[in-house]
Amino acid sequence: MTFLRVTLFSLVVLLAYTLFANILPQVQSNPPAEEEIEPASLDRAGQIAWGERLFEGKGACTLCHKNLGRAPDLLGMDLGEELRSRIADPAYRGAAEGLEEAEAFEVYLRESMLDPSAYVVPGFGKKGTRDRESPMPRADAPPVSLTPAEIDALIAFLQDRAGVEVTVPLPAAETEVAAAEPVTGTAEEGPATTAEEVIDRYACAACHDLLGSGAEVGPPLAGIGTRLDREALRRAILDPDAEIPPGYEPGLMPTDFGEQMRASELELLLDYLAGLEAGEAKP
Ligand code: HEC
Ligand code: HEC
């Protein structure tokens with residue numbers, strides 16, 4: 001009886017602490033809601049599910065491919081219809097031409113990820129390039145650095161969304177699948193301990209020219225510390241829509257870093273950004 005009371009009491013205390021920890025802003029980590037996918041069990045359905053997780057997670061595709069008008073809304077549009085019209089566009093010069101539909105989609109989707117500027121969807125090119133250059137980062141290069149098996153899984157997911165047969169190979173049994181956690185808020189790993197890790201984890205370099213990524217979706221941050229003081233920098237990260245630098249639009253930079261990031265990670269980031277000298281995007 002006493003044992004039971006003690007156990008119950010400990011449980012209540014534990015729960016109280018957990019609750020308390022949960023309402024503390026920024027110090028708390030997000031509970032990992034995902035179940036693990038077993039590599040050995042990756043049949044077609046498993047591969048497609050893996051691709052879906054990569055799309056929102058490690059691939060960081062939803063950073064841009066959402067309903068904002070800055071990139072095609074891949075999950076919102078009739079994907080099959082749109083891909084068909086891209087490949088039929090006389091301006092399209094890629095390898096998908098003349099292939100049977102499912103294979104053509106595979107080739108087109110792979111080109112989109114590995115060589116984004118090969119064909120730029122009209123109206124979506126980098127500013128000033130007249131749609132010759134895509135703002136999309138290569139999926140197999142930093143900051144995203146997907147493996148070939150991960151790229152296949154993404155293609156499988158998108159082929160399935162487009163309503164065609166999935167033609168990519170299934171992953172080999174020994175394929176490492178565990179790396180599909182979301183880029184943001186990877187709770188299990190514990191807080192990042194260097195600014196580079198923070199930038200990596202929250203995919204800042206997918207949009208900003210950080211760590212040599214050359215990305216131009218967001219403003220260059222070289223010398224940002226001379227224009228914004230620490231408080232303004234903090235605001236720019238936690239509430240990005242509050243002030244928009246000239247030439248940029250609101251709504252693109254994620255607004256939930258305040259919930260995703262640990263306080264210690266934000267401080268590392270602020271130190272790093274404040275110290276970035278003009279003309280320098282790398283450490
Ligand atoms: C930084 C923003 C950004 C990120 C991140 C991004 N994309 Fe893109 N993507 C674009 C833009 C802009 C276009 C349209 C221009 C073009 O054709 O390259 C595009 C085009 C595409 C297309 C061709 C779409 C069409 O309508 O023909 C595919 C497929 C695609 N992206 C897949 C992905 C996948 C998969 C990921 C994640 C691994 C990803 N993208 C990440 C910005 C992004
Ligand atoms: C999906 C693209 C995207 C991602 C990811 C992103 N940003 Fe941004 N960022 C933008 C855009 C676009 C702007 C300009 C519009 C605005 O302020 O919202 C911006 C603005 C900023 C500014 C203000 C710049 C100025 O000149 O005033 C800072 C600082 C910044 N981002 C830092 C970061 C950091 C740090 C991260 C990662 C934790 C990050 N951003 C992730 C797109 C992005």
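Because only heavy atoms are used, hydrogens play no part in the values below, and waters and symmetry mates are left out as well, while side chains stay in. The structure presented is a predicted model; accordingly, all values stated were derived computationally and were not measured. Whatever order the structure lists ligands and atoms in, that order sets their numbers, starting from 1.
- Under 4.0 angstrom from ligand 2, there are no non-hydrogen atoms of Ile199.
- Taking 4.0 Å as the cut-off, Ala206 does not count as a neighbour of ligand 2 on heavy-atom distance.
- Taken to the nearest 0.5 Å, the CG atom of Asp241 stands 11.0 Å off from the CD atom of Glu249.
- Among Trp50, Phe55, Phe105, the single residue meeting the ring-ring contact (aromatic ring centres under 6.0 Å, His included) criterion with Phe157 is Phe55.
- Between the SD atom of Met136 and the NE2 atom of His65, the angle taken at atom 8 (Fe) of ligand 1 works out to 180° after rounding to 10°.
- Considering backbone and side-chain N/O of Val217, none are found under 3.5 Å from N/O of ligand 1.
- Enclosure of atom CD in Glu97 by more than 12 non-hydrogen atoms of other residues, nucleotides or ligands within 6.0 angstrom is indicated.
- The shortest contact between atom 27 (O) of ligand 1 and any protein heavy atom is with Tyr108 OH, 2.5 Å.
- Closest to atom 5 (C) of ligand 1 by heavy atom, among Ala60, Gly59, Ala162, is Ala60.
- For Val198, no heavy-atom contact with ligand 2 is shorter than 4.0 Å.
- Among all non-hydrogen protein atoms, the one lying nearest atom 34 (C) of ligand 2 is Cys204 SG, 3.6 Å.
- Test Asp115, Asp140, Asp152 against Arg110 for salt bridge (Lys or Arg N to Asp or Glu O under 4.0 Å) and you get one pass: Asp152.
- Remark: minimum distance from atom 32 (C) of ligand 1 to any protein heavy atom is reached at Leu74 CD1, 3.6 Å.
- Summary: NE2 is the N/O/S atom of His208 found nearest to atom 8 (Fe) of ligand 2.
- Residue contacts with ligand 1 include Val120, since one or more of its heavy atoms lies under 4.0 Å from the ligand.
- For the pair Arg70 and ligand 1, the shortest N or O to N or O distance does not fall below 3.5 Å.
- The protein heavy atom nearest to atom 16 (C) of ligand 1 is Ser134 OG, 3.5 Å.
- One option in Pro72, Cys64, Pro135 has a heavy atom closer to atom 1 (C) of ligand 1 than any other, and that option is Cys64.
- In terms of protein heavy-atom proximity, atom 2 (C) of ligand 2 is closest to Cys207 SG, 1.9 Å.
- The protein heavy atom nearest to atom 26 (O) of ligand 2 is Arg227 NH2, 3.1 Å.
- Here the heavy atom of the protein found nearest to atom 25 (C) of ligand 1 is Arg86 NE, 3.2 Å.
- For Asp209 (side chain) and Pro220 (main-chain N/O), no donor-acceptor pair under 3.5 Å exists by modelled atom type.
- The nearest heavy-atom contact from the protein to atom 18 (O) of ligand 2 is Pro240 O, 3.1 Å.
- For ligand 1 and Ala71, the ligand atoms under 4.0 Å from any heavy atom of the residue are 10 (C), 11 (C), 12 (C), 42 (C).
- Under the 4.0 Å criterion applied to side-chain N and carboxylate O atoms, Arg262 and Glu267 are not assigned as salt-bridge partners.
- A salt bridge links Asp271 with Arg230: the closest approach of a Lys/Arg side-chain nitrogen to an acidic carboxylate oxygen falls below 4.0 angstrom.
- Ranking protein heavy atoms by distance to atom 37 (C) of ligand 1, first place goes to Cys61 SG, 1.9 Å.
- Protein heavy atom nearest atom 14 (C) of ligand 2, with residue, atom name and distance: Pro219 CD, 3.5 Å.
- By the criterion of a heavy-atom distance under 4.0 Å, the backbone of Glu249, and not its side chain, is placed next to ligand 2.
- When each of Gln159, Glu101, Glu103 is checked for a side chain to side chain donor-acceptor pair (under 3.5 Å) with Thr167, only Gln159 meets the rule.
- At the top of the distance list for atom 17 (O) of ligand 1, counting protein heavy atoms only, stands Val121 N, 2.9 Å.
- By the criterion of a heavy-atom distance under 4.0 Å, neither the backbone nor the side chain of Pro250 is placed next to ligand 2.
- For atom 23 (C) of ligand 1, the nearest non-hydrogen atom of the protein is Ser112 OG, 3.5 Å.
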